[in-house]
J.: 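Let me give you the structure first, and then I'll get to my questions.
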Amino acid sequence: MHEVLKSHGCGELRAEHAGEQVTLAGWVHRRRDHGGLIFLDLRDSTGLVQVVFHPEQEPAASAVAAEVRNEYVLGIHGEVTARRAGTENPELSTGAIEVLAASAEILNAAETPPFPVNQETNVDEVTRLRYRYLDLRRERMAGNLRLRHRVVKLMRDFMDERGFIEVETPVLNLATPEGARDYLVPSRVHPGSFYALPQSPQQWKQLLMVGGVDKYFQIARCYRDEDLRADRQPEFTQLDVEMAFVEEEDILDLTEDLYHRLAEEVRPEWTIPARFPRFTFAEVMERYGSDKPDLRYGLELHDLTGLVRTAEFRVFTQAIEAGGRVRGFAVPSGADVGRRGLDEYVELARAAGASGIVWFQFAGEGPLDGLTADEVKSPAARFFTPEQAAALGQACGARRGDLLLIAAGPDALSSKVLDLLRRTVAEQRGLADPAALSFLFVTQFPAFEWDADEEKWSAVHHLFTSPFTDDIPLLERDPGSVRSHAYDIVCNGQEIGSGSIRIHSREVQLAVLRTLGLTLDEAKLKFGHMLEAFSYGAPPHGGIAPGIDRTVALFAGERDIREVIAFPKTKSAGDPMTGAPAPVSERQLRDVHIRLAPDAEEALAEQRAGAASTE
RNA sequence: GGCCCCGUGGUGUAGAGGCCUAACACGCCACCCUGUCACGGUGGAGACCGUCGGUUCGAAUCCGAUCGGGGUCGCCA
């Protein structure tokens with residue numbers, strides 16, 4: 001015999017339901033016992049509703065309510081009534097009504113939860129992860145999961161409307177030599193051989209293009225065995241997109257349309273650029289020192305090399321003689337930063353590898369004209385006349401009352417340092433509007449970068465990325481200056497996704513592989529299937545892969561993608577709830593032809609000893 | 001892998017060598033309270049301060065190691 005457990009969602013009830021008999025079920029959010037009269041807030045996925053128990057009218061139900069504790073699972077039956085005048089709760093969507101309980105049944109008792117489920121207090125993240133199922137009941141996570149669902153649904157709908165079809169690709173793959181470290185899966189059937197989990201479905205989607213699926217997408221799980229960050233998990237999800245017969249602009253336009261749609265539907269009250277600005281890699285590096293600049297604030301970088309070339313200041317002149325430049329930016333109203341704050345900036349720069357930074361503070365207010373010596377504060381003040389100092393400030397757009405931060409050295413270093421300072425200053429001063437989505441595209445990434453450790457060229461994006469046609473002759477002579485049709489979508493200082501136009505010619509692909517130091521034989525061994533596929537009529541194609549975790553975090557206003565993932569892992573890639581990863585039995589190892597190395601055995605022995613001593 | 005930060009009752013914090021046989025709030029337990037909605041009142045239980053070792057007459061407080069967590073750089077085609 002099956003009774004109906006629910007006729008409505010708790011959060012769905014409104015004044016119009018008054019008079020209806022309803023059956024509700026959910027968790028006890030909070031209980032208020034007035035010594036007879038009991039109020040319960042009952043919670044399910046739809047929200048909260050207040051249930052009232054009158055001991056005189058329904059003694060049996062009231063007895064159940066008296067017994068109940070927070071997080072008990074409770075079913076009730078009763079009548080929806082308008083609240084008596086003056087007791088409505090405008091804070092609650094169901095606050096105009098309440099349910100008079102006629103009967104109640106404890107569907108399941110619950111232990112006192114290890115942290116409050118009914119309030120948004122800060123709880124240690126490990127504890128939250130250990131009891132993630134409880135954390136998911138809380139407002140923040142419940143809301144984030146729903147938002148994530150909406151975003152993913154909108155993505156699917158959007159792609160479908162544009163004629164894309166979703167195709168699944170294998171999770172067990174051939175390991176690839178380039179790129180991130182693979183997660184490996186040993187083969188039982190093929191002793192000594194391994195599958196690799198996909199870092200992305202890159203090769204599959206290109207093969208789909210050759211296969212005539214000219215508009216493909218997939219909500220794809222990707223795996224990379226690298227160190228984690230707030231915006232990096234060992235497994236993450238991408239909206240993987242690829243299309244044939246397109247050029248770079250087509251992909252960028254599509255991506256821009258998608259994000260406009262998402263923002264419109266999910267965060268209509270936030271600001272988003274009507275057109276996403278497009279910068280070349282060289283341009284953003286020059287203006288922001290970063291390939292993923294946060295455009296919600298200014299603090300743009302300026303080249304001061306010409307102004308300081310003749311100064312007596314060795315720190316600058318030596319850097320210039322060594323082929324470097326002097327660059328800096330102005331912090332509006334930064335003259336208020338005290339000695340400690342300035343020292344902190346210098347420390348940051350040192351930690352980033354620079355020998356330091358030079359700062360100038362300008363006293364007063366208004367333009368810098370007629371600056372006097374005692375209005376300039378700087379450790380390098382004696383090397384510059386007030387006029388020279390003012391010129392530096394003006395070059396950065398500074399006024400009196402501002403601070404100037406200047407770094408000297410090779411571009412790579414000064415970019416890194418100034419980017420770090422720019423982000424730090426913006427963070428400290430709250431310059432970024434939390435209700436703004438400052439999207440932009442970065443294009444024309446270099447195709448290759450020199451890997452000093454391996455002493456070889458490596459692909460900046462990946463080795464299927466199409467070089468600029470004009471730059472193909474440079475593949476042999478000067479790989480470092482080859483531009484590629486690779487692009488990123490960036491928002492609020494984060495790389496949201498990247499993509500490229502791919503190589504569809506076997507010859508160009510072979511040339512790129514050569515640049516990367518792969519012989520024809522090696523290339524055939526590792527990418528033979530790709531080269532072969534390209535020889536059967538590969539269409540011109542390209543794609544992009546926006547990160548879904550980062551996208552949802554952005555729309556959720558979360559800075560950590562763990563907050564938008566139901567069951568994320570810790571920084572050490574572990575799961576505090578299940579205990580994964582964990583040792584497996586000898587038998588399981590034997591099945592897959594694996595024997596542990598001495599250091600692994602040692603680590604396990606120590607782990608066991610540690611576990612024993614704490615018991 | 002480098003550097004930095006954190007680790008005190010169930011939760012969040014206070015405590016910065018003896019005043020701590022550890023304090024506060026929430027939670028929990030009991031009793032009281034019939035219109036609350038972070039209900040209210042009274043009383044109570046609950047941590048030896050992540051772990052190990054050291055300094056000291058004396059350590060939650062200092063030092064070292066270790067474990068766990070986080071941030072950041074490297075790394076992340």
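In what follows, chains carry the letters A, B, and so on, assigned in the order in which the sequence lines appear, proteins first and then strands, with residues in each chain numbered from 1.
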J.: Going by the rule side chain to side chain contact (heavy atoms under 4.5 Å, CB included), which residues pair with A:Gln57 if we only count those two or more places apart in sequence or in a different chain?
T.: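 Result, side chain to side chain contact (heavy atoms under 4.5 Å, CB included) vs A:Gln57: A:His54.
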J.: Students often get this wrong, so: under 4.0 angstrom with heavy atoms, is A:Gly35 touching a base, only sugar-phosphate, or nothing?
T.: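 Base, at least one base atom sits under 4.0 Å.
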J.: Please tell me which of the listed nucleotides, B:G71, B:U36, B:C76, lies nearest to the side chain of A:Arg562?
T.: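 Per side-chain heavy atoms of A:Arg562, the pick is B:G71.
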J.: Please determine whether side chain to side chain contact (heavy atoms under 4.5 Å, CB included) holds for the pair A:Trp204 and A:Asp240, giving the CA-CA distance in whole Å, both sets of side-chain angles, and the decisive distance to 0.1 Å.
T.: CA-CA 11 Å; A:Trp204 295 114; A:Asp240 198 42; over 6 Å; no
J.: Would you call the rings of A:Trp457 and A:Trp450 parallel, tilted or perpendicular, taking 30° and 60° as the class edges?
T.: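 A:Trp457 and A:Trp450: perpendicular rings.
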J.: Under 3.5 Å, which N/O atoms of the protein pair with N/O atoms of nucleotides 5-7 of chain B?
T.:
none

J.: When you compare the protein's N or O atoms with those of nucleotides 44-49 of chain B, which come within less than 3.5 Å of each other, and at what distance?
T.:
none

J.: Indicate, with a heavy-atom threshold strictly under 4.0 Å, whether A:Arg69 touches base, sugar-phosphate, or nothing.
T.: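 It contacts sugar-phosphate atoms only.
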J.: Mind checking side chain to side chain contact (heavy atoms under 4.5 Å, CB included) for A:Arg14 and listing every partner two or more places apart, or none if nothing turns up?
T.: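 With neighbours one apart ignored, the set is A:Glu16, A:His17, A:Ser93, A:Thr94.
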J.: With sequence neighbours left out, what residues match A:Phe468 under ring pair (Phe, Tyr, Trp, His ring centres under 6.0 Å)?
T.: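 Expected list: A:His485.
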J.: With the threshold set at 4.0 Å, does a side-chain nitrogen-carboxylate oxygen contact exist between A:Asp343 and A:Arg340?
T.: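 Not counted as a salt bridge, because no side-chain N and carboxylate O are separated by less than 4.0 Å.
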J.: Test of understanding: with side chain to side chain donor-acceptor pair (under 3.5 Å), list the residues that count as partners of A:Arg32, not counting sequence neighbours.
T.: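 For A:Arg32, the residues satisfying side chain to side chain donor-acceptor pair (under 3.5 Å) (neighbours in sequence not counted) are A:Asp41, A:Gln50.
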J.: If you compare every side-chain N and O of A:Ser572 against the phosphate oxygens of B:G69 (OP1, OP2), does one of them come in below 4.0 Å?
T.: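 Checking A:Ser572 against B:G69: at least one side-chain N or O falls below 4.0 Å of OP1 or OP2.
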J.: So, are A:Glu226 and A:Arg232 salt-bridged, with charged N and O less than 4.0 Å apart?
T.: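 Between A:Arg232 and A:Glu226 there is no salt bridge, as every charged N stays at least 4.0 Å from the carboxylate O atoms.
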